[in-house]
Amino acid sequence: MAIFEQSIHWPVWLMVLPLTGALLTFAIYRYQNLIGLITAMGILWSVIALAQKVLTEGPQRYSIGGWGAPLGIDLYVDGLSTLMLLLTAAVGFFVSFYGVGYAGFRQHNHGSGYFWPLWLFLWTALNGLFLTADIFNAYVTLELIGLASVALVGLSGQASALNAAMRYLLVGLLGSLFYLLGVGLLYAGYHTVDMASLGQAAQAGPLPRTALTLMGVGLLLKTALFPLHFWLPPAHANAPTPVSSALSALVVKAPFYLLLRLWFTVFPDSTTGAAANLLGLLGAIAILWGSIQALQTQRLKLLVAYSTVAQLGYLFLVFPLTQDSMAASTAWSGALYYTLAHGLAKGGMFLAAGTIFYALQQDRIQNLNGISRHLPVTAFAFGLAGVSLMGLPPSAGFLAKWSLLTAAIANGQWGWAIIIVLGGLLAAGYVFRVLSYVFMQAPSKAHYRPVPWLMEWPALLLALMAICLGFITQTPLTLIEIGAPMSYQYLLP
Amino acid sequence: MIDPYRIVLLSLLLVLMAILIRGVMDLAPIATGLGPMVFAAKEPGGEISPVTAVLLLFRDYDTLLELAVLLLALIGVWSFGEAPPPPSPSPPGPILLDFLRLVLPLMALAFFYLVWAGGSAAGGAFQGGAMLGTIGALFRLSNLSEIPLPPEIWLRLAAALGIAIFLTVAMIPLVGGDLLLAVSPQWMKTKILWLEFPAALSIGVILAALFAGGQPRRHTNNQP
């Protein structure tokens, strides 16, 4: 068929497939699992095909309807987009399988029928955001992401989950409105909403700086950077487990991705060192604050959620570390690798935590005694994910932290280097706090519910991927370079 | 006692406000924008309203996703629970019924006109859909319980129809090796009508169902 031979259409399939799946699972209702899994496989296939194309031919641009910017909407896929799409597909694939096996859904039968349509809409929206080259279209996808996430958080119908969902909704809307205000200003000033045209038109001045500030505040609110993280722990901890995993691994990365795009490719002239340092500083506080909260909390899922607050802080170190052009490319690679590593590890860790929660019917950390005997696969998955989160070799998390550290030292920015190391130690603290109970050889009197294998293996495979990306670095690093906003100099070993 | 958090929040918002004012001052007072470009590009398609051209030709991909936002809002509301029961079973009074007999056919007519006119003048799927949604809200407000609701599966299909047709129309060019949502000038008006009517129906159904406030109750149809 002509469609497959031309194969410029892979970005389109990444939108059409999940959207079709969402419609089918909503309207037909039967065979939801089958339709959902086929969709997940189709998306994975399309992303891999797209990645191969980007690897061989470089960045791709696709004009929807053939109108072209500034009249129409363009899709643009470079290394950064491809990386995010791949991460979404990998986590989404395993979350889908976990969702099929997730026995928690059988307990509250009202909400469970809505998991698939909401989740596939969320996947559509994430893909849409990573594909688009249009800041207004990005706003629409942000709204889709927000609405789908809110509904997914409240799916269990419990009061705590509904409270968290309501707070999440209000915060998300506020963030979107800030972002939209910036879009409106930019259109009024430059008569285009296309990222590339804006990048050419916008010089340093009050207007682009105002727009970037407003959009930045909105995106920081959505990506839960300290001190705007207050909504995240309850939302991520109270959501059904497959949802928690997708939220922590993917959804908070989406606004961060958009911020990277705006900062590095649309308004590079409007950014200042002070703003970059402020973002880095907030990131550093997030690392410390989130880790300390994770060390103190009594509940496993809440611990994992606080760990997300902390780990997100690392991503924001990219702003100060790229200020000095010497090590900019190393810091860029490191931050993107961190996004990848954290997505896979945290996705796996949340799935494992949720399985433990389901088996024990509660998740107080003191009661995890000796659970590794009953759930060896899940305990192993939690441990492996922890290895990557702590940044121990040979994991993807290690490589990412090492790159960030190299960049910080090469720039002589010792403060950031200390934070990176300290954050790793704190992460080790809260991961080992859990592992010490999990692998305790004490006989436990707790009553365990049987766990289907589909709730165990997806977590392990995700965590394994986070480890494997510590060995298999060639392809991701090549991808990160394609279309990167700075010239590449090799500091990495 | 004044909450210190509120003062911090207020001062931060004031800073943002100052930045915003500074940015707005920087805007050029007169600007033509993309207007001339829109008029030139829609010219070969015949008489098309510029607003419709932006919504359903140049930025139709946005419109597709906006329809998805609406449907998603409905799915979200349904996922939270069933609709509350109607307030009281008292039948509508004769004046209300006469009013409805007068106004509902007119509203239905206005719905068709708004969607049809959307191709060349003000109007379109969202305006027409709002009219249709109002009809649904009127039905619900006036307690017409003897009018049977369609089974839920039909509601689901109707709510999804707009996006389904949109997606089909979007995919047709792919078969011929063209880009997603591409359209040749002589098909522009046809495409607009094909997109608008199902979209308007879905928007109306979704708005009415959102007004009901939850998933349809299972036992609506066999009331005593």
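Not measured: the values here are computed from a predicted model. Each chain gets a letter, A, B and so on, in the order the sequences are listed, and its residues count up from 1. Below, each value reflects all heavy atoms present in this structure, side chains not excepted, and no hydrogens, waters or symmetry copies.
Contact between B:Met37 and A:Leu71 at its shortest, heavy atoms only, is O-CD2, 4.1 Å.
Between the A:Thr210 side chain and the B:Leu20 main chain, no donor and acceptor come within less than 3.5 Å of each other. In terms of modelled atom types and a separation under 3.5 Å, the side chain of A:Trp67 and the main chain of B:Leu57 share a donor-acceptor contact. Looking only at distances, a side-chain donor or acceptor of B:Arg156 sits under 3.5 Å from a matching main-chain atom of A:Phe26.
With chain B as the partner, the residue from A:Ile73, A:Leu147, A:Val16 showing the most heavy-atom pairs under 4.5 Å is A:Ile73. Taking B:Ala68, B:Ala159, B:Ser79 one by one and counting their heavy-atom pairs under 4.5 Å with chain A, the maximum is reached by B:Ser79. Between chain B and the residues A:Ala188, A:Gly66, A:Pro70, A:Gly68, the largest count of heavy-atom pairs under 4.5 Å involves A:Pro70. Comparing A:Gly154, A:Ser63, A:Ala151, A:Gly65 by how many heavy-atom pairs each has under 4.5 Å with chain B, the most go to A:Gly65. With respect to chain A, the highest number of heavy-atom pairs below 4.5 Å among B:Leu16, B:Ile75, B:Leu27 belongs to B:Ile75.
Atom CG of B:Leu72 and atom CG of A:Leu120 lie 11.5 Å apart (nearest 0.5 Å). One distance of note links CG of A:Leu19 with CZ of B:Phe166; it measures 10.5 Å at 0.5 Å rounding. In this structure, B:Leu180 CG and A:Leu75 CG are separated by 8.0 Å, a value rounded to the nearest 0.5 Å.
Side-chain contact check for B:Leu34 versus A:Thr192: every heavy-atom pair is 4.5 Å or farther apart.
Using a 4.5 Å cut-off between heavy atoms, A:Tyr62 touches chain B through its side chain atoms alone. Interface remark: A:Tyr190 contributes no atoms to any contact with chain B (heavy atom separation under 4.5 Å).
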